[in-house]
Chemist: 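Would you mind keeping the following structure in view while I ask a few things?
Order of appearance sets the numbers: ligands from 1, and atoms from 1 within every ligand. Note that the structure is a prediction, hence the values are computed from the model and not measured. Because only heavy atoms are used, hydrogens play no part in the values below, and waters and symmetry mates are left out as well, while side chains stay in.
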Amino acid sequence: MTDISQLIEDAIKQLESVSDSARLDVELLLCATLKKDHSFLRAWPEHELNQQQLKSFQEKLKQRLEGEPIAHILGERGFWSLNLTVTADTLIPRPDTERLVELALDIIPETAQWKILDLGTGTGAIALSLAKEKPNCFITATDQSFAALNIAKQNALKNQISNIEFIQSDWFEELENKQFNMIVSNPPYIKESDPHLNQGDVRFEPRSALTSGADGLDDIRRIIKGSLEYLNKGGALLIEHGYDQADEVCNLLKASHFTKVSDFKDDNDNPRVAIGYIQ
Ligand code: GLN
């Protein structure tokens, strides 16, 4: 029999060479196996796993040792106040993107009944967070991937969020003559030649959700151009971008005559979200 503390230490030793967050990973896998939260691991270090639990934990650990992201092994990821289903068809929601949600919430007036568009919704992370925090607003969430959109719909049901619609669309293509007070997006923005694409979790995420041409800005260019047509007067556009793309994205916004253009850092102090307004 193996107790929790011994199991954790053994698993960390195995995982250290593969993951920068070995302890956290092991604890998350163990919590999922035991269907308990972190406090249980602390309170009962001598608790012993039965054969079935041990087998299930070892299967999960093996997947992680092969590089599989924790969010895929567990099939979910916490984002904002939501628990989101995640599959290989979607990007894994990142804490960086919570910064965009925070900035959007700061802009939306308390009781506003805004129409908000989330382009490339993936799991629905941004759209569902805004919909939950702003029940008077109505969110349109798009993705070109039918599979991703299905996950986002499941996430709306799972989190009991109904002030939202889902449209399969390549950026603005299927939006007809809709108009919005705000457009938000965490589009693909990685350069196609970026060596990081062969490292860590991104290896298991859809390429279409990650890369965007030689300089990583192809989709951001399309979004900025399209937003001119789909934003109401005074409307805001919020775009997440790479840590080294702030100047380029702000310049693109200014070139399209967006006003009050500014850029905001994420919690790791990297430039991450550009905001501009339509006159
Ligand atoms: N909007 C989703 C997220 O932020 C998906 C983004 C994407 O696939 N590029 O997680």
Chemist: Examine Ala209 against ligand 1 and note whether any of their N/O atoms are separated by less than 3.5 Å.
Modeler: yes
Chemist: Look at atom 2 (C) of ligand 1 and say which protein heavy atom is nearest, naming residue and atom and giving the distance to 0.1 Å.
Modeler: Thr121 O, 3.2 Å
Chemist: Taking heavy atoms and a distance under 4.0 Å, where does Thr97 meet ligand 1: side chain, backbone, both or neither?
Modeler: side chain
Chemist: Would you mind telling me which of Asp218, Asp244, Asp215 makes a salt bridge (Lys or Arg N to Asp or Glu O under 4.0 Å) with Lys191?
Modeler: Asp244
Chemist: Tell me the protein heavy atom at minimum distance from atom 3 (C) of ligand 1, and give that distance in Å.
Modeler: Asn186 ND2, 3.6 Å
Chemist: May I ask you to identify the nearest protein heavy atom to atom 10 (O) of ligand 1, giving residue, atom name and distance to one decimal place in Å?
Modeler: Pro93 CA, 3.8 Å
Chemist: Verify the distance criterion only: is there a donor paired with an acceptor across the side chains of Lys178 and Thr140 at less than 3.5 Å?
Modeler: no
Chemist: What protein heavy atom sits nearest atom 5 (C) of ligand 1, and how far away is it?
Modeler: Gly120 O, 3.4 Å
Chemist: Should the pair Glu27-Arg42 be classified as a salt bridge under the 4.0 Å nitrogen-to-oxygen rule?
Modeler: yes
Chemist: I'd like to know if the side chain of Glu240 pairs up with that of Thr97 as donor and acceptor (distance under 3.5 Å, no hydrogens or angles considered).
Modeler: yes
Chemist: Run the salt-bridge test on Arg94 and Asp201 with the 4.0 Å N-O cut-off and return the result as yes or no.
Modeler: no
